[in-house]
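Below is one structure, written out as structure tokens; comments come after it.
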Amino acid sequence: MSETTEKSLNFIEQIIEEDLKNGKHDKRIHTRFPPEPNGFLHIGHAKAIYVNFMIAQKYGGKTNLRFDDTNPVKEDTKYVEAIKRDIQWLGFEWEGEPLYTSDYFGKLYAFAQDLIKKGLAYVDDQSAEEIAQQKGTPTEPGKESPHRSRSVDENLDLLERMKNGEFDEGSHVLRAKIDMAHSNMHMRDPLMYRIKKVTHHRTGDDWCIYPMYDFAHGQSDSIEEITHSLCSLEFEVHRPLYNWFIEKLEIFPSRQIEFARLNLNFTVMSKRKLLRLVEENVVDGWDDPRMPTISALRRRGYTPESIRDFAERVGLAKRNNIIDLGLLEFSIRDHLNKIAPRVMAVLRPLKVVITNYPEGKTEMLTTENNPEDESAGTRELPFGREIYIEQEDFMEDAPKKFFRLAPGKIVRLKSAYIIEYVDHKKDAVGNITEVHVKYFENSRSGQDTSGIKAKGTLHWVSAEHAQDAEVRMYDRLFNDEAPDGHKGRDFMEFLNPDSLEIITNAKVEPSLVEAKEGDRFQFQRLGYFCVDNTYSEPGKPVFNRTVTLKDAWAKMQKR
RNA sequence: UGCCCCAUGGUGUAAUGGCAACACAUCUGGUUUUGGUCCAGGUAUUCUAGGUUCGAGUCCUAGUGGGGCAACCA
């Protein structure tokens, strides 16, 4: 037996294990993920998806995918497709076919009739304004509607006529009869149905009335016999109403449990704000790699594994939280470090001439594809008299701790030779245009007999063989930790003007020309990059920077 | 000034009345043909005040602080 360090349970797992112990629901566990198809899924949803699917998986249960489509004004089939794709990409499989709240419109209508018959619901023909006014405030009780005590038959008839489209939008609603003085605002005769003469993406024009969230969600859970209905903290105050409907309708008692949603610093997460970024063309669309959406993370080069790992690491509790973006970056670096092939790419090329290397000679050098993974094998890299190195890897006046190329310095070219500075040239305005070095012939990688110790190692590409490539350097969209956390200031004020830098003349090793959409690489010493799925063309890949490498040198320079 | 929820290092999450720990971040050092990875180590934590108890981060009360609730949205 191996020693397994027992991982402690989160509060939902504790509830579930208690239920299991008590034999509740015949020890069955069934969760659901209930998105409204009115926008794209983001990293916050990824956590909710992870929580729902992993908890069911852990206890041998099932997870439904249910589209909460009760408001046809905002919903659309195109979002249904995007949501399904994102969940599958994350690696989760829902039980059976996707479900829809709209599938239950008939049952919900019957539930409404049932409540009317029990004297627990009534049709109100006041305006939205009047109803809002009578609702009271958190500190003052509300007033009862003058229509509150209509007869069962009259209510039944009015509801029927609402359904049949005999009334205008806004003229009538169905309300639950609970308590207009209740301390919980949601219990003050909440709306159950409103008239909307709008075509629904699935039921078409079958219905003129649509149920409100509170009269749809819990009952849908119940119809599907969901045992544990997990949702975010904001629905905590809805729980008494959720339970009220279930109790009065005498239907399957699903249990709602709330947990804290994910918040990330340096970003915004609300659909409304993300939509604004898209509509005002601040970004390139919902899947712009700077967005926190699942589709953007995918395009940026994040792996499903890394997002699941992140969701695991952020934990699960009821405390409001703001997760450091650095944790997400840790998760993707950690995964990519293990799987991404290392390649040579120079973003800002500086020509280096090896003056003692034979002109016209090309030799092939062997380099490992991934030092973390022996099975990744090796490949050949062409080397010649002229190469490109990174501009920032040469300094005319270098400080002591600069372990790169500079007057008087010796460095190793990764997988190639050790070189020594000889000379450099500048243009009229003082830019360095070319560096001359000499190489040590007996220092070739793998067969180094020179005995020379080089302090630094540089990445490079052969000038003759290098290919031009476009590289998109993405950075955080906002330069403020909480862009939407400043009272009286718009989050757009905190946009990072440098969130995208497009480099069109990067030099990459020849093998990269064949890179395909979605391929991920580590550009040696620079970071992780992947082939963009939108701008790339066959033979002309465009690379997105997923994340930089950790950079101790940059950190040192800041100090 | 009503109701509900929450409070543990910088950020998250554990400790289920019995030695406050883990991850990320941060700092030192080592290894290294990536200033990456890896390895070793350090800094740093129970909101306040009472109470219960042999013993409280944990239970109780009050306070303080944070969040949520008054859409014909979900």
Side-chain angles (χ1 to χ4, degrees), chain A residues 5 7-11 14 34-36 38 68-71 73-75 124 127-128 131-133 135-142 169-175 182-188 191-196 209-210 212-214 216-217 231-240 258 260 265 271 312-331 333-334 337-338 342 367-368 371-372 401-404 411-416 418 443 445-446 448 454-459 522-528 548-557:
Chain A
T5 38
K7 208 185 155 289
S8 56
L9 303 176
N10 64 52
F11 79 100
Q14 289 173 28
E36 182 186 14
N38 70 342
D68 214 345
D69 54 352
T70 57
N71 186 359
V73 177
K74 292 159 67 179
E75 294 149 7
D124 198 343
S127 69
I131 290 175
Q133 225 160 33
K135 192 125 195 176
T137 70
T139 53
E140 294 166 82
E169 281 188 22
S171 64
H172 296 70
V173 290
L174 183 71
R175 302 177 70 179
H182 204 287
S183 59
N184 182 337
M185 298 293 288
H186 295 278
M187 299 295 273
R188 321 243 264 225
L191 269 57
M192 293 164 60
Y193 270 103
R194 77 286 214 195
I195 299 169
K196 274 186 195 294
I209 56 172
Y210 292 93
M212 300 288 291
Y213 167 86
D214 283 312
H217 199 95
C231 63
S232 48
L233 251 28
E234 55 191 303
F235 293 103
E236 217 151 20
V237 283
H238 293 247
R239 181 159 24 98
E258 312 84 15
N265 60 7
K271 278 184 192 169
E312 178 64 37
R313 283 174 189 277
V314 298
L316 185 65
K318 296 189 74 159
R319 196 184 325 170
N320 294 313
N321 60 76
I322 301 172
I323 306 292
D324 194 328
L325 191 60
L327 189 62
L328 217 210
E329 296 186 338
F330 171 83
S331 288
R333 281 194 191 107
D334 193 45
N337 176 50
K338 295 184 182 94
R342 273 57 170 173
T367 186
E368 53 191 346
E372 303 298 312
K401 294 246 179 157
F402 188 76
F403 303 145
R404 307 177 186 185
V411 295
R412 155 77 63 184
L413 292 173
K414 174 75 183 172
S415 300
I418 292 175
S443 68
S445 211
D448 185 353
K455 188 83 175 148
T457 302
L458 268 39
H459 62 278
Q522 184 197 97
F523 286 2
Q524 202 96 218
R525 298 210 306 136
L526 295 172
Y528 296 98
T548 62
L549 251 32
K550 258 176 73 179
D551 191 344
W553 170 242
K555 200 177 286 177
M556 209 185 298
Q557 282 179 306

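Chain naming here is simple, since letters A, B, ... match the order of the sequence lines and numbering starts at 1 in each.
Counting only heavy atoms from C-beta on, A:R404 has its side chain closest to B:G35 among B:U33, B:U13, B:G35. With distances taken from any side-chain atom of A:N337 to the nucleotides B:U34, B:A70, B:U37, the minimum falls on B:U37. Nearest nucleotide to the A:N71 side chain, out of B:U34, B:C73, B:A14: B:C73. Picking from B:A70, B:C24, B:A74 the nucleotide with the shortest atom distance to the side chain of A:P138 gives B:A70.
Counting non-hydrogen atoms under 4.0 angstrom, A:F235 reaches a base of the nucleic acid. Within the nucleic acid shown, A:N184 has no heavy atom closer than 4.0 Å to any nucleic acid atom. Nucleic acid contact for A:L9: base, since at least one base atom lies under 4.0 Å from a heavy atom of the residue. Within the 4.0 angstrom heavy-atom criterion, only backbone atoms of the sugar-phosphate kind lie near A:E36; the bases stay farther away. Contacts of A:I323 with the nucleic acid, taken as non-hydrogen atoms under 4.0 Å apart, involve only primed sugar atoms and P, OP1 or OP2. As judged by a 4.0 angstrom heavy-atom cut-off over every strand, A:H182 is placed among residues making no nucleic acid contact. Nucleic acid contact class of A:R333 (heavy atoms, under 4.0 Å, all strands): none. The residue A:F403 sits close to a base: some heavy atom pair falls under 4.0 Å. Counting non-hydrogen atoms under 4.0 angstrom, A:L327 reaches the backbone sugars and phosphates but no base. Across all strands shown, A:Q14 has heavy atoms under 4.0 Å from base atoms, whether or not it also approaches the sugar-phosphate. Using a 4.0 Å heavy-atom cutoff across all strands shown, A:Q522 reaches at least one base atom of the nucleic acid. The residue A:K414 sits close to a base: some heavy atom pair falls under 4.0 Å. Here A:T70 lies in heavy-atom contact (under 4.0 Å) with sugar-phosphate atoms only. Backbone-only contact: A:V314 has heavy atoms under 4.0 Å from sugar-phosphate atoms and none from a base.
With hydrogens and angles ignored, a donor-acceptor pair closer than 3.5 Å exists between the side chain of A:R412 and the base of B:U33. Residue-to-nucleotide contacts include a donor-acceptor pair under 3.5 Å from the side chain of A:E372 to the base of B:G36.
Comparing B:U8 with B:A71, their C1' atoms sit 37 Å apart, to the nearest whole Å. Of the C1' atoms belonging to B:G10 and B:U53, the separation is 35 Å, rounded to the nearest Å.
Between the CD1 atom of A:I322 and the C1' atom of B:U11 there is a distance of 9 Å, given to the nearest Å. Residue A:E169 contributes atom CD, which lies 9 Å from atom C1' of B:C72 at whole-angstrom precision. Between the CG atom of A:D551 and the P atom of B:U26 there is a distance of 12 Å, given to the nearest Å. Rounded to whole Å, the distance from CZ on A:R188 to P on B:G2 is 14 Å. Between the CZ atom of A:R239 and the C1' atom of B:C3 there is a distance of 13 Å, given to the nearest Å. Rounded to an integer number of Å, the gap from CZ of A:F11 to C1' of B:U58 is 17 Å. Note: CD (A:E236) to P (B:C4) measures 11 Å, nearest angstrom.
With a 6.0 Å radius and a threshold of 12 heavy atoms from other residues, nucleotides or ligands, A:I322 has its CD1 atom at or below the threshold.
The main-chain N or O of A:H182 is found under 3.5 Å from a side-chain atom of A:R188 such that the two form a donor-acceptor pair.
When each of A:P35 and A:F523 is assigned the nucleotide of RNA chain B bearing its nearest heavy atom, the one mapping closer to the 5' terminus is A:F523. Of the two residues near RNA chain B, A:T139 and A:A128, the one whose nearest nucleotide lies more 5' is A:T139.
Ring geometry, A:H186 versus A:H238: the interplanar angle falls from 30° to 60°, so the pair is classed tilted.
Residues A:T548 and A:R333 are in side-chain contact: their nearest non-hydrogen atoms beyond the backbone lie under 4.5 Å apart.
Taking only side-chain nitrogens and oxygens, A:R319 comes nearer than 4.0 Å to OP1 or OP2 of B:U8.
In this structure, OH on A:Y213 lies 11.0 Å from CD on A:E36, to the nearest 0.5 angstrom. The structure places CD of A:E236 at 11.0 Å from CG of A:N184, a figure rounded to the nearest 0.5 Å.
Both stacking criteria are satisfied for A:W553 over the base of B:G35: a centre-to-centre distance under 5.5 angstrom and an angle between ring planes under 30 degrees.
Taking A:D334 as the reference, A:K338 meet the salt bridge (charged side-chain N to carboxylate O under 4.0 Å, His left out) condition, with sequence neighbours excluded.
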